[in-house]
Amino acid sequence: AASALTRIEMEYFARIRPEEFLAPYWASAENSEEAIHAHAPNLIHYIKRFNIVAGWVATEVVMARDLRTRVALIKRFVVIAEKLLAMHNYNTLMAVLSGLNMPVVARLSRTWSRVSAKYRGPLAQLHRLMDPAGNSQTYRKKIRRIEPPLIPFIGLLVADLMFIHAANAGAESEAGL
């Protein structure tokens, strides 16, 4: 499953053209959704795919027919997440974690109480890796040490580009440009 998810993820990621990352088109509140989609269709599709994967994970867990199946699915998603980490697929890893963190899944206290430490421990480590605290410091350190190829977490990349754009826009207006 992790290999198939990574192949699909890489196909979508490879479709994003460099110019789609140019912040003025999608960072501005003035641009309509249609204009943003016209300028960055592959990036928008890629972001939507992230949300679809997260939703799929949550749906699989909550739609399970019984407690045992829900526990087995959570364990399966933890194993998949570990494999995604080993494959350096951080975007799908974050989507899986996001799905498991959705309130509809997170509040399944009876289900989570049956997930053994063998799975909760690695899951906690994955959460620490992808934790946004300190500007995602742990994740940033990790990816700096990795030899490509890797699939970065697109949410953080887009947030960084938006921050850079906002900072530069502020500097331009101060300089009268």
### Query
What are the two closest heavy atoms between Ile16 and Asn42, and how far apart are they?
CA-CB, 3.8 Å
## Note on the structure
What one should report as the nearest heavy-atom pair of Leu97 and Leu126 is CD1-O, 3.8 Å
## Note on the structure
Minimal heavy-atom distance between Glu20 and Pro41, with the atoms involved, is OE1-N, 3.3 Å
### Message
Considering only residues two or more places apart or on different chains, which pairs with a residue in residues 124-161 satisfy ring pair (Phe, Tyr, Trp, His ring centres under 6.0 Å)?
### Response
Phe50-Phe153, Tyr90-Tyr139
### Task
Can you measure from CG (Leu100) to CD1 (Ile74) and round to the nearest 0.5 angstrom?
6.5 Å
### Query
Is it true that Leu73 and Val53 fall in one hydrophobic cluster, defined by side-chain heavy atoms closer than 4.5 Å?
yes
### Query
Is a side-chain donor or acceptor of His88 paired with a backbone partner of Ile143 at a separation under 3.5 angstrom?
no
### Query
Tell me, which pairs form a salt bridge (charged side-chain N to carboxylate O under 4.0 Å, His left out) where one or both residues lie in residues 54-75, sequence neighbours left out?
none
### Closest non-hydrogen atom pair, Gly55 against Met102
N-CE, 3.9 Å
### Query
Say you draw a straight line from CG of Leu93 to CD of Glu82; how long is it, rounded to the nearest 0.5 Å?
10.0 Å
### Message
Using side-chain heavy atoms (C-beta onward) and a distance below 4.5 Å, is Lys142 in contact with Leu85?
### Response
yes
### Query
Does Arg49 have any salt bridge (Lys or Arg N to Asp or Glu O under 4.0 Å) partners at least two apart in sequence or in another chain, and if so, which?
Glu9
### Leu129-Leu123 co-clustered via ILVMFWY side chain contacts under 4.5 Å
yes
Under 3.5 Å donor-acceptor pairs involving side-chain atoms of residues 130-137, not counting sequence neighbours:
unit_1, atom_1, unit_2, atom_2, d
Asp131, OD1, Ala133, N, 2.9
Asn135, OD1, Arg140, NH2, 3.2

## Note on the structure
d(His39 NE2, Phe21 CZ) to nearest 0.5 Å is 10.0 Å
### Message
If the condition is side chain to side chain donor-acceptor pair (under 3.5 Å), which residues does Ser3 pass it with, not counting sequence neighbours?
### Response
none
### Interatomic spacing from CD1 in Ile44 to NZ in Lys48 - rounded to 0.5 Å
7.0 Å
#### Entry: Shortest non-hydrogen contact between Arg114 and Arg110, atoms and distance
CG-O, 3.3 Å
### Task
Give a yes or no on whether Ile52 and Val61 share a hydrophobic cluster (residues Ile, Leu, Val, Met, Phe, Trp, Tyr; joining criterion: side-chain heavy atoms under 4.5 Å apart).
no
### Query
Hey, any chance Leu5 and Ile47 share a hydrophobic cluster, counting ILVMFWY side chains that come within less than 4.5 Å of each other, even indirectly?
no
### Query
Any sub-3.5 Å donor-acceptor pair from Asn91's side-chain atoms to Ile154's backbone N or O?
yes
### Minimum-distance pair of heavy atoms, taken over all atoms of Val78 and Pro122
CG1-CB, 4.4 Å
### Query
Trp112 side chain to Val105 main-chain N or O, any donor-acceptor pair under 3.5 Å?
yes
### Query
Are Val62 and Val71 connected in a single hydrophobic cluster, I mean Ile/Leu/Val/Met/Phe/Trp/Tyr linked by side-chain heavy atoms less than 4.5 Å apart?
yes
### Message
Taking ring-ring contact (aromatic ring centres under 6.0 Å, His included) as the definition, give me every residue that meets it alongside Tyr119, ordered by chain and number, with sequence neighbours left out.
### Response
none
### Query
What's the spacing between Asn89 CG and Lys83 NZ if we round to 0.5 Å?
14.0 Å
#### Entry: Point-to-point distance, once rounded to the nearest 0.5 Å, from CE of Met10 to OG1 of Thr92
10.0 Å
